[in-house]
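Reading through the structure tokens given below for one structure.
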Amino acid sequence: MVATEKIRIRAPKTVAAMREAARLFLNTLDTKRRERAMYSFDSCERQNWHYVPKTRNGLPRCDMNDVQLAASESLIRASVSEAGATKVMAIMANEAILESIEAANGTLWHDRDPNLYFFTVFGEPDDGDPWAWRVEGHHLSLNYTVFGDEVVAVTPSFLGCNRAEVLHGTHKGQRILPDEENLGRALFTALKDGQRDRALIYPVAPREFFTRASRKVEINARLGCAAALMNADQRDCLMRLVKVYLDRKPKEVVNQALRRIEASGIDNIVFGWAGSEHRFQPHYYRLQGPEFFVEYDNTQDSANHIHSVWRDVENDFGFDILRDHYVRAH
């Protein structure tokens, strides 16, 4: 691993907007709802993340009134880019589309409800102490940790969709995450023979990506084709793919995340692929840099079901930077 100085994400405009939106959201809640929505910052619940349909802690949209729903959406929009908000809201709405597809096929096995997305705030959103917030449900988990004017962590950050492309009905042709799929495939098919041999890390795509809902990334092997071995066009495609994941976040965050990646060396980013290069055939890829790890898979439901996640190798949930702060403070 290349040693680099930690680049702090100082994002005063983003933090101010996020803090104000979190306060407004909490202020709309009565005592019972607030108790469900709030945990202490040090609670182990902050690391209890997942992206499957399951019972969750926090306050779900289905238990909010119109004012609270609007405030919760404002919190999302304060924390992501415009493109990111479009994807997030589409993922929530997609539950109704998935329900109609599964009901028609006789495969409905779980509640598919756009209102089963849960909001949780950890600690008080103020200037002094660290605080965090999360929105989570089926195919969505956004986690933010804030301290002062710094966005200490924006990971784990998971977006997924089923169907990756709606093939029938009113929403036929809808694709919520097209760039995640298209650019990954474009990069793999742009590689030449020797490069492709390096990039193909497994002949068959894994059923699920490797990090799952782990609380810390524990992938050590750097498998794949390094950017150092790519030509200019391939490197450009690689960075466009990296930016697909970064661009879900506000511009202040994106700019400094890119600085961190550049400081670590673009040459050190490794791209790995598994499975088929053809659409609707199971496939998987990963992007691995010294400090970040991206995984994508499309293997379920006839390879029409996407999972994608951006992780920080050392600093998911802000552990790395906050640990340094506490060491200095004490």
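Sequence positions, counted from 1, serve as the residue numbers for this chain. Heavy-atom basis, side chains included; hydrogens, waters and symmetry copies ignored. Everything numeric in this text was worked out from a predicted model, so none of it was measured.
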Could you tell me whether the side chains of [X] and [Y] share a donor-acceptor contact shorter than 3.5 Å?
{"X": "Ser79", "Y": "Lys249", "result": "no"}
{"X": "Asp247", "Y": "Ser81", "result": "no"}
{"X": "Ser72", "Y": "Arg77", "result": "no"}
{"X": "Glu295", "Y": "Thr211", "result": "yes"}
{"X": "Tyr117", "Y": "His138", "result": "no"}
{"X": "Glu136", "Y": "His50", "result": "no"}
{"X": "Gln68", "Y": "Thr28", "result": "no"}
{"X": "Gln234", "Y": "Gln195", "result": "yes"}
{"X": "Thr14", "Y": "Glu252", "result": "yes"}
{"X": "Asn94", "Y": "Arg112", "result": "no"}
{"X": "Thr145", "Y": "Asn143", "result": "no"}

Relative to the ring of [Y], is the ring of [X] parallel (under 30°), tilted (30 to 60°) or perpendicular (over 60°)?
{"X": "Tyr285", "Y": "Trp273", "value": "parallel"}
{"X": "Tyr144", "Y": "Trp133", "value": "parallel"}
{"X": "His307", "Y": "His305", "value": "perpendicular"}

Closer than 4.0 angstrom, basic N to acidic O: yes or no for [X] and [Y]?
{"X": "Asp193", "Y": "Arg196", "result": "no"}
{"X": "Glu277", "Y": "Arg185", "result": "no"}
{"X": "Asp126", "Y": "Arg23", "result": "no"}

Does the cation-pi check pass for Arg286 over Tyr296, that is, NZ or CZ under 6.0 Å from the six-membered ring centre and within 45° of its axis?
-> no
Rounding to 0.5 Å, atoms CG (Leu98) and CZ (Arg163) come to a distance of 6.5 Å
Is it true that, when you exclude [X] itself, more than 12 heavy atoms of the residues, nucleotides or ligands shown sit nearer than 6.0 Å to its [atom1]?
{"X": "Lys251", "atom1": "NZ", "result": "no"}
{"X": "Arg34", "atom1": "CZ", "result": "yes"}
{"X": "His168", "atom1": "NE2", "result": "no"}
{"X": "Asn105", "atom1": "CG", "result": "yes"}

